[in-house]
S.K.: 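I'd like to ask you about the structure that follows.
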Amino acid sequence: MAQFYLTTTLPYINSEPHLGFALEIVRADALARAHRLAGDNVFFNTGVDEHGLKVWRKAQGLGLETQAYCDKLAASFNDLKKLLDLSYDNFIRTTDQHHQAAAQEFWRRCLASGDIYKQHYSVKYCVGCEMEKTDSELENGHCPLHPDQDLELIDEENYFFRLSKYQNQLLKLYDSQPDFVVPANRLKEIRNFVANGLQDFSISRLVSKLPWGVAVPDDPEQVMYVWFDALVNYISAIGWPDKPEKFNQWWPAVQIAGKDNLRPQALMWQAMLMSAGLPASRQIFIDGFITAGGQKMSKSLGNVISPVELVEKFGADVVRYYLLAEINDRDDGDYTDERFMEVYQADLANGLGNLFSRLGNLAWKNGLNPLAPKIGQLYTKVIQSVENWQFNQAVGYIWQVYRQIDKKLTEQQPWKLETAAAQKSLQPLVEDLVDAAYCLQIFLPTTAKTILNFFSQPITGKPKPLFPRFDQFNNNFKK
RNA sequence: CGCGGGGUAGAGCAGUUGGCAGCUCGCCAGGCCCAUAACCUGGAGGUCGUCGGUUCGAAUCCGACCCCCGCAACCA
C-alpha cells in the first residue's frame with residue numbers, strides 16, 4: 001500500500017475563506033479521494049496560518065483578544081470541511097504549541113547549518129497603507145496611493161536566511177525532477193527566476209513591531225516572520241521533529257498552492273528543507289486564479305465571490321463540480337453567475353440529474369436487480385487524469401459516459417419493450433451509470449453515493465431529483 | 001529591451017508531438033415522449049489578433065507588430 005501525503009497551503013486568516021482557496025482545497029480533496037479509492041494510505045493536511053501583523057491588527061480593530069479572533073476564524077475555515085464535503089485528516093493551526101515548537105527547532109537546525117544571520121534591514125514604510133513598500137511600487141518616491149505623505153524609513157536588525165547559498169542545489173532539484181512543479185511552465189518560471197540569482201530574505205521582525213508570532217529561539221526581541229513559521233507546518237503536521245517514525249512514514253509531501261505561492265513553496269521552502277537537512281517536497285501543483293467576469297476579485301471592486309454563500313445556495317457538489325470541471329486546471333479560470341447557472345442547468349440538471357431520473361424510473365418500473373459497481377477502463381482513465389492533476393479531463397470522461405447512456409436510451413427505447421426485453425436493454429446502461437458513479441465519488445461524493453445506493457438495493461420507487469432545474473428554485477439565486 | 005498568460009463560430013472555452021477546425025450554451029429544423037418543458041438527430045454560423053517566413057501542408061513552428069490581463073521577490 002502506497003503512502004500518500006498531500007497538503008494545501010495554509011490560508012492566512014485575516015479574512016473569510018476565498019473562492020480561490022476553495023478551488024485549491026477541492027482539488028486537493030479530489031486527489032486525496034482518488035488515492036484512497038486506488039487503495040493508497042492517504043494523509044491529507046490543511047489548516048490556517050494565524051500569525052502576523054495583519055491578524056493582530058484585525059483582532060485589535062474588532063476589540064478581540066488575538067487568540068480569540070484566531071479561534072473564531074480558524075473555526076470558520078474548518079467549517080469548509082462540512083460545507084464543501086472535504087476529507088482532510090488533519091487541520092493544523094500555526095498557533096498550536098506543537099507547531100510552534102517545531103518551527104523553533106527548524107530554526108535551530110538552519111542556524112546550525114550557518115544559514116541564519118543577523119543584518120540591518122531597511123525598508124520604506126507607507127503610514128497611509130501601513131505597509132512596507134519596495135522601490136518598484138513607488139512613484140516619484142511616494143506611495144501611489146498616498147502621494148501626499150512622506151515614507152517612513154525603517155531601519156532595524158533582523159535575521160536573514162541564506163537563500164543565495166542554495167541556488168545550485170535548487171537548480172539541480174528542478175532539473176532532476178521534470179514534474180517537481182506542475183504545470184511545466186511554472187517549473188520553467190521558477191527555474192528562470194532561480195537561475196537569475198537569489199537574494200537572502202529576512203525571516204524575523206522585532207517583537208515591538210510584530211507582537212503576534214513565534215518567538216525566535218534565544219532572542220526575546222524577535223519573532224519569526226511568516227516563512228519560518230507557516231511553511232514548517234507541512235512537517236510539523238506529520239510529527240516532525242519528535243515523532244520521526246511518523247514523519248518518515250509520510251514525508252515528502254505533494255503540495256498544492258496558488259500561483260502567488262510559487263516562490264514560497266517551490267523555492268524558499270525547498271531551500272529551507274535543504275538547510276535543515278530534510279528531503280525536498282515530492283511535487284508541487286500550482287493553481288491559477290479565479291477571476292470574476294474576467295477581473296481579479298477584489299474588495300474594492302466589490303466582485304468577491306464567497307464560496308460559503310455559493311455552497312449555501314447550491315450545495316457542495318454543485319460548487320465542487322464548477323471548480324473541478326469548469327475552472328481551467330492549467331491556468332486562470334473565470335467565474336460568473338451566468339456561467340455557473342449555465343453549467344448547473346446543462347451538466348447537472350439536464351445532464352446527470354435528468355439521466356438519473358430516466359434510468360432510475362425505468363429500472364424501478366421494470367424491477368431491475370440491484371447492481372454493484374465494477375472497475376473498468378473509465379476508472380483507469382479517471383484515476384490517471386487526476387493523478388496528473390487533469391481535473392477537467394477526468395470529469396469530462398465521466399460526462400462522456402452520461403451522454404452515451406442518454407443516446408443509447410433514446411435509440412433503444414426500452415420504455416416500449418416488455419419487461420424481460422426492457423431489463424435486458426436497461427441492465428448494461430445502468431451498469432455504465434453505476435460504474436461512472438463509482439468514479440464520481442472522487443468529485444461529487446454525495447451525488448455519487450445517492451446513485452450507488454439507489455441501484456445497489458431493490459428499487460422501491462421513483463428516484464428523487466438530484467439537481468432540480470433552475471426554474472424551480474430560481475428565487476434562491478439572486479445577486 | 002523586466003516576467004508571465006491570453007487574443008479560435010453570437011457567448012464561454014478545447015485544440016499534447018504541424019495533416020480535412022472541435023466542445024458547451026444560444027439559434028433554426030426534425031425525432032422522441034421513459035425523464036427534471038428534460039433527451040436524441042441534423043443544420044446555420046469561424047479570414048483560428050495582424051503582417052511576413054519555414055513546409056507538400058501551420059490555429060499548431062520561426063520573426064515582427066497590435067490589443068487585453070496578471071505579476072514585478074519579504075504585500076500569506
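Order of the sequence lines sets the chain letters (A, B, ...), proteins ahead of strands, with each chain counted from 1.
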S.K.: Using the test salt bridge (charged side-chain N to carboxylate O under 4.0 Å, His left out), find all partners of A:K58 that sit at least two apart in sequence or belong to another chain.
M.R.: none

S.K.: Is the closest side-chain heavy-atom distance between A:H18 and A:I290 below 4.5 Å?
M.R.: no

S.K.: Out of B:A73, B:A35, B:U36, which nucleotide sits closest to the side chain of A:R358?
M.R.: B:A35

S.K.: How would RNA chain B look in dot-bracket form, 5' to 3', counting Watson-Crick and G-U wobble pairs with both distances under 3.5 Å and writing | for bases paired to another strand?
M.R.: .((((((..((((.....[..)))).(((((.......))))).....(((((..]....))))))))))).....

S.K.: Establish, yes or no, whether a centroid distance under 6.0 Å links the rings of A:F467 and A:F356.
M.R.: no

S.K.: Under the salt bridge (charged side-chain N to carboxylate O under 4.0 Å, His left out) definition, can you give me all pairs with a residue in residues 420-429 of chain A, not counting sequence neighbours?
M.R.: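 Residue pairs passing salt bridge (charged side-chain N to carboxylate O under 4.0 Å, His left out), neighbours aside: none found.
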
S.K.: Once you apply a heavy-atom cut-off of 4.0 Å, does A:F356 come out as touching a base, just sugar-phosphate, or nothing?
M.R.: nothing

S.K.: For RNA chain B, determine which residues of residues 413-433 of chain A have any heavy atom closer than 4.0 angstrom to one of its atoms, and list them numerically.
M.R.: A:Q413, A:W415, A:K416

S.K.: Closest approach to the side chain of A:Q199, judged atom by atom: which nucleotide of B:A73, B:G4, B:C13 is it?
M.R.: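 Given the options B:A73, B:G4, B:C13, the side chain of A:Q199 is closest to B:A73.
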
S.K.: Among residues 325-333 of chain A, which contact RNA chain B at a heavy-atom distance under 4.0 Å?
M.R.: A:N328, A:D331

S.K.: How far, in whole Å, is B:A11 from B:U50 if one measures between their C1' atoms?
M.R.: 24 Å

S.K.: Which residues pass the side chain to side chain contact (heavy atoms under 4.5 Å, CB included) test with A:Q412, not counting sequence neighbours?
M.R.: A:K408, A:P414, A:S425, A:L429

S.K.: Go through the structure and list residues passing salt bridge (charged side-chain N to carboxylate O under 4.0 Å, His left out) with A:D200, not counting sequence neighbours.
M.R.: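 Here no residue qualifies.
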
S.K.: Is there, by distance only and without an angle test, a donor paired with an acceptor across the side chain of A:T410 and the base of B:C32 below 3.5 Å?
M.R.: no

S.K.: If the condition is side chain to side chain contact (heavy atoms under 4.5 Å, CB included), which residues does A:T410 pass it with, not counting sequence neighbours?
M.R.: A:R358

S.K.: With the side chain of A:R186 defined as its heavy atoms from C-beta on, choose the nearest nucleotide among B:C34, B:G4, B:U36.
M.R.: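 Comparing B:C34, B:G4, B:U36 against the side chain of A:R186, the answer is B:G4.
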
S.K.: Applying salt bridge (charged side-chain N to carboxylate O under 4.0 Å, His left out), name anything that partners A:E24, two or more places apart in sequence or on another chain.
M.R.: none

S.K.: Of all residues at least two apart in sequence or in a different chain, which pass the salt bridge (charged side-chain N to carboxylate O under 4.0 Å, His left out) check with A:D115?
M.R.: A:K165

S.K.: Detail all sub-3.5 Å separations between protein N/O atoms and N/O atoms belonging to nucleotides 41-43 of chain B.
M.R.:
from: B:U41; atom 1: OP1; to: A:K407; atom 2: NZ; distance (Å): 3.2

S.K.: Could you run down the sub-3.5 Å N/O contacts of the protein with nucleotides 25-28 of chain B?
M.R.:
from: B:C25; atom 1: O4'; to: A:E342; atom 2: OE2; distance (Å): 3.2

